[in-house]
Amino acid sequence: MAVELDVFVGNTTLIDKDVYQLWLDGYSVNDAVAIRVQSGILEQAGTTPDVLESDTMDHYRAFQMLERLLHSPPKLINQLLFQIPPPMQAMLIEKYYTFEEPFVREVLGKKLSKGTKKDLDDVSTKTAITLKSCRRQFDNFKRVFKVVEEMKGPLVENIQQNFLLSDRLAGDYAAVVFFANSRFETGKKKLQYLTFEDFACCAEQLIQNWTLGAVDSMADDMDVDLDREFLQDLKDLKVLITDKDLLDQHKSLVCTALRGKVTIFTEMESSFKNLSRGLINIATKLIHTKDVRDLFVDLVEKFIEPCKSDRWNINDVCLFLTQYTNTARALDAFKHQCLWERYMGTVKSCILKMYHD
Amino acid sequence: MPGKLKVRIVAGRHLPVMDRASDLTDAFVEVKFGNTTFKTDVFPKSLNPQWNSEWFKFEVDDEDLQDEPLQITVLDHDTYSANDAIGKVYIDIDPLLSNEAAAILSGWFPIYDTIHGIRGEINVMVKVDLFNDLNRFRQSSCGVKFFCTMSIPKCYKAVTIHGFVEELVVNEDPEYQWIDRIRTPRASNEARQRLISLMSGELQRKIGLKVLEMGGNAVVGYLQCFDLEGESGLVVRAIGTACTLDKLSNTATSLLPPCSSPSKDMKESPLVHQPSHGCRSTHNSPIHTATGSRLTQNFSVSVPTLIYAGMRLHRLRSWGEAGHRQMGSVSKARQAVVPFSEDPNPVTHSSGPSTPLKNQTYSFSPSKSYSRQSSSSDTDLSLTPKTAASSPKGPAIFFFPSSPTLSSGSPHHKSAHLLRSEALHSLTPPHSGYASPVCLRKTVSFNEELLLAASGMGSGSGGKDGGPLKALYRQQTQSAFEHREFPFFTLTTFPSGFLVHVGGVVSARSVKLLDRIHNPDEPETRDAWWAEIRQEIKSHGKALGCHAVVGYSESTSICEEVCILSASGTAAVLNPKMLQDCSMEGCSEHRLSRQPSFFSTGSEKGEFDFFLQCQDSASILGLDDPLSLGCNFCHIPYDELNMPFPAHLTYCYVCRKQKVPDVLFTTIEPPLEAAVTGKGCLIQARLCRQKKKTQGEANATAISNLLPFMEYELHTQLMNKLKLRAMNALFGLRIQITVGENMLLGLASATGLYLTALPSPGGIQVTGKTPSDSSYEQHISNMQKKINDMIIKNREIYEINPPEILEEVLGSPIPETRQRSRLFRSQSESSDDVSELDLSHGKKDAFVLEIDDADAVEDIHSLLTDAPTPSGFYSCNTEIMPGINNWTSDLQMFTSVRVFRLNNVTSLTSQWLNKAFSDLCENLLKTLYFKLRSMVPCCLCHVNFNVALPEDELIQIAVTAVAITYDKDQAQYVSKVCTDKTLLRASAENEEQLQFTLELCMESQSTQCALLFSPSKAAEMTESGSLQPVTPAAQRATSVDYSSFADRCSSWIEFIKQKAQTIRRGSIKTISSLDKASPLAEAQARHRSPISCTTSTVVEMTPLSFIPGAKITKYLGIINMFFIRETTSLREEGGVSGFLHAFIAEVFAMVRAHVAALGGNAVVSYIMKQCVFMENPNKNQAQCLINVSGDAINFVRDTDVESAPSQSQASGLQTGNGSGDVVT
């Protein structure tokens, strides 16, 4: 005797969050049943494995049907097929679009192409996340990217409107989209210590300050692409390191301001020129796409690593960067205050976010 | 002529991509009604077209308006090839034809395709301008309202209940027409859908005409069914109860029925004496069944069978004689209608402890026109001498209850017989042989496996008090029903006072051979079939001393060319006054506040029969007279001096005045006034019988031979299970017998209850046949112990603590009862041993189960293995569970379907099959309990099982039910509101929290999720999701422990949930930072309040006739939909489960869309009447047909009513009064 068909359909679609999570995690029905059995649900509910299997199958089927709608969350909200209470709809969407740290760190900044998708089995083995789950997360990135890529208006809002995500998750997706678009290098060994959250914060800064959107709120691709004009202008900052007087003046101003306030004053004093050169060089090269990609690598190599080797603490870095930025204003010969602010404000936030173990 | 239908096509959304090249669609719409078609412009290149068409106007007959569905087809324009259809929407415009229903139908409808399912949605507006038609010869019946609800709808009062209406229409099934060979499956499906839509429109119109003829304006309890007879055609039939309804101007009017017919009237009305009334006796068994098999055309066999079920059977030994006095009366009615040329009285009696057919009489009565004799008839004849010779061979004990010569012939009996035969003569053409029915009656005894063991004497010398008066009363009642052809009522709930007595279940079955319907315009054959069955039911009802049948329903089961027609109902005595001019509003207003009541057994002075007659006035006055004791309906309607069957009568345990049976079976809802002890539960009897694969007549004969056995077995099982649960009454009994190629399935479902008025059931006593074997003894005593434990446990579970009543006080009025011995199974001992079995183990009411063979062991095992409902769950197949009165508004309707494959059915033993089938049902229930565990404590109400045998080795079970949560604390809803308020006040200090608390307390946490979205979204969300009760799973399901990252990303919902928990726990912490959410929340709360009360696209569905915690404000019309879905890519759609899952979800969606378009927010009395599933996995194909119906309504939640507190307090007062009435 075999069960040929077994369905349960509620007027209000019943959703078990635990099973949903198992489904999202890419477990097969059998694995999911096994996991549920281990959770002690059988004893709790006083039931048998076949009931559990039937329930799991049923949920999986429902999720599969919902998946089509989840690809376009506004559809899920408007559709008539499944009656789901709004809080549950929100939960379904939020969980479906939630991605995992190890996964995103593997993919962040990579081109969201078929080639990358093919490599997902490697990612899966590396991160111990099921391939199915990897695919879902990757497809989510790609889908969000495709939808908002060409859109006008603020990136986060666009994502929120088209995918009905929470502020935070929408922000994270904005970071993913932003990184994917500019193809920032995040996979280098030197960058391994950085979390997605670090990058997400940096992305937020970059989006807020360096994109077209920062100046023109209705420009195409305003939040996705960096402001080319700005990048072009950054070349003008070169004067801070090429002009010897300016460099010395800048250094002395910073040193005066920091004397007695930082523990590593001597190290700072000695490495000031190197650090300043590093930061300004990053700025002047940003007009090349390749150097944009290496932005984070450069920040780590040119600034964070030297400071770390000199045992600066975060407070020192913060004070230094603040003074370094502020004192440049006092330089009479330096005419690019606005540009400087726009550049250094963001770089400072990024470095501070990235300056940890 | 008169009607102008206007249709406007507004827009579409989520259309499928029809043009692969552009990934877009060029959609346009065709609107068709009758033969007229309009088209919209093509809206190019869009998946969300905006047509904004003009109003298309159709000028049509109102006849067409009723019959035709509006057909909207969405197509993709193609310049070069034919336009591709995207899908269709059928709209039944009937709800718009009633003057008080919806004025406009407007909303989003799913675009449905029979091959692809739902493909996007379309926004349509429909209006009807109806002119008054004063033509007397009109064929239409616009304006007659139809309700599926089996009681008087909530916002109406019944001025008159006219009675039974029925109609059927037949047609050829398009699926089986020659053209089907050349057209696409889609075209065929659509032809079928359209035809059925047309037919049901026509059917409704015709029934409406009948109603108008009767002077009514509505049909309540409308039950429409399709019989897919395959080759031979398609039958759409319906039954209902015609009423004149008046809209209650104010739904909150007093609960007192304005009916003011003074009881005097009744007393003054002339009493018609019928000298023969005492003989109008047949059965009084709780179940009174006749099984007939009449084969059509050239073969006519009539085998009506009477089956005594349950307890009565076991009493036969002592009451046998009395019990069999009723022979023959069953067929009276039939004879009056169907003149049999030869055999006068095809009566079958089954009786006796062990077999359904112990004393079965098969009489085959070929009518004059039919020449063929059935071969089995010969057998009968040959058997007759055997039975007549009262020298049983072997173990058989033959018993002829009807024969005075065999019984010890008390004079009393003889007189009874004489009387009866007189009565018969008066009804039937005199027969040569009929004078001595005993001699002529042909009896088949199945002495091989079954025998009847019934002996003993009984004398019906019961208490005589009130007898004559009761008889008078009955005659009055009778006169009110006399003029009706079928005094049937499809209603299952009645206003208090309407139902005077309940006799028991009456049912009839008939096996027919289908043949092609030659002339669709004259469906006479089918009509005649049903007329026969109804006559049978009517006569059974009469036999029970009742003049009406309530809770009446009809059903069919078809396999190839064999069809079983079944009808069943509950014989009852109704109050004719109420029938004439009653006002039946608010008949279930009380039900939610009903409380279990215990009654003191203080004796009431005053003439009970007097009280019977004036009960309606008494109920009006709300006096605390015996009526409010709620025991009246339990009192026997038949004359105990002339009991139609052997019953064990006692004085009513509530009023102590009248006699009650020890067990009562009914097909109706528990009456509102019924005094119930403890809680009830779902009781199911399941049975599987194999049969040989045969064809035609042989098949029909085989089936009709099996039927009585099945009925008997089912009833025995029901009775055993009822005893095991220490209960004494069954309500909502529904016995479904399904025929398949090589087996028959029987499934009986009912809700068991302990009626306070009925005596407490005794235990079950197990006895073995070989007492010498000690290990066997051991085994038996173990079993006995298990059973006893089970009974005790069940008493606890169902809170059955009947008031202690001293046996002596009540006194068994009939001393003979003490001597009765009951047997469960036949045994192979001689009759001497039988008396040994009457083991008095101290408990005289014990019910004896004798284990004599493997079958019996199996039965007992199955008794014990029925899994108990998990704690926190109750289940019933009635609307609500008596004893639970604090329902919350949290409900979940669901449908679950399972198909099982049995391999090699023929090689299986029937025991194994039985067990398998029983396990299937049990497992299904278990799954339901597990699925709904988050709703605990809850009750599964209206659990409706449907069994089908779609193929040789497949069993399909479909269940539809609703789970409703209730408050565990006995506190009433009012007090809950109060506590919520205090909670509110407590948390009011923090404004932010107030918002959350408000939402939580209101139990409609509709749009919290809107927090997640931008404010602009919030408004949209609010619209779409207001009033939605939160799925409990969302609240209560344990949350997963996510990784820290997931946590970070997790939404505000988690946060809110935590918060909610905090609040619920009562320890409210001030949460300092609400971040951005708080202003949003405020904005959202502002949005919410105005919108949530008015618009809501959330549509509740429930099989019940009401929504707990809500008030129905308007009935918007009947929903009656039929869908076909087919696939040729079964695997791709997730196999059979995926296919059906999607289809059922689609059906729900389409029902909801229609309701929403009518301006409603719920469907009540929802029922899935048919779910026919066929698959062919080899061809990767499957097809499914689903038929659903219900009443679209608009309701307002009690919590949403403006003056919520004052109102709920008022209702609290009312309930207080009500309960006070009952208790005093």
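All of these numbers come straight from a predicted model, not from anything done at the bench. Chain A is the first sequence line, chain B the second, and so forth, proteins listed ahead of strands; every chain is numbered from 1.
- Interface remark: Pro870(B) contributes no atoms to any contact with chain A (heavy atom separation under 4.5 Å).
- A donor-acceptor distance shorter than 3.5 angstrom exists from the side chain of Ser896(B) to the backbone of Val7(A), with no hydrogens or angles considered.
- Of the inter-residue distances, the one linking Lys926(B) atom NZ with Asp55(A) atom CG reads 14.0 Å to the nearest 0.5 angstrom.
- Only the side chain of Glu1175(B) comes within less than 4.5 Å of a heavy atom of chain A; its backbone N, CA, C and O stay farther away.
- For Ala170(A), no part lies near chain B; criterion is any non-hydrogen pair under 4.5 Å.
- In terms of heavy-atom proximity, Val1099(B) sits nearest to Gln83(A) at O-NE2, 2.8 Å.
- The number of heavy atoms from other shown groups lying within 6.0 Å of OH (Tyr27(A)) does not exceed 12.
- For Leu924(B), no part lies near chain A; criterion is any non-hydrogen pair under 4.5 Å.
- A salt bridge is absent between Lys931(B) and Asp16(A): the closest approach of a Lys/Arg side-chain nitrogen to an acidic carboxylate oxygen does not fall below 4.0 angstrom.
- Between Phe1173(B) and Leu5(A) the shortest side-chain heavy-atom distance falls below 4.5 Å.
- Closest non-hydrogen pair, Leu954(B) versus Glu4(A), comes out as CD2-OE2, 4.1 Å.
- Asp58(A) CG to Thr927(B) OG1: the interatomic distance, rounded to the nearest 0.5 Å, is 9.0 Å.
- What you find for Gln79(A) and His14(B) is that their closest heavy atoms are N-CE1, 4.3 Å.
- Looking at every heavy atom in both residues, Asn78(A) comes nearest to Glu121(B) through O-OE1, 4.0 Å.
- Note: Glu1133(B) CD to Met65(A) CE = 9.5 Å, rounded to the nearest 0.5 Å.
- Closest approach of Leu80(A) and Trp108(B) over heavy atoms only: CD1-O, 3.7 Å.
- Residue Phe930(B) forms a side chain to side chain contact (heavy atoms under 4.5 Å, CB included) with just one option from Thr47(A), Thr48(A), Leu42(A), and that option is Thr47(A).
- Here the straight-line distance linking atom CG of Asn11(A) with atom CE of Met1101(B) works out to 5.0 Å at 0.5 Å rounding.
- Separation of atoms CZ (Phe894(B)) and OG1 (Thr12(A)) is listed at 12.0 Å; rounding is to 0.5 Å.
- Considering only heavy atoms from C-beta on, Met57(A) stays 4.5 Å or farther from Ser1137(B) through its side chain.
- Residue Arg933(B) comes nearest to Ile41(A) through the heavy atom pair NH2-CD1, 3.5 Å, listed as atom of the first residue, atom of the second, then distance.
- Atom CZ of Arg13(B) is separated from atom NZ of Lys75(A) by 11.0 Å, given to the nearest 0.5 angstrom.
- Atom CZ of Arg135(A) has 12 or fewer heavy atoms from other residues, nucleotides or ligands within 6.0 Å.
- When Tyr97(A), Phe8(A), Phe82(A), Tyr20(A) are compared by the number of non-hydrogen pairs under 4.5 Å with chain B, Phe8(A) comes out ahead.
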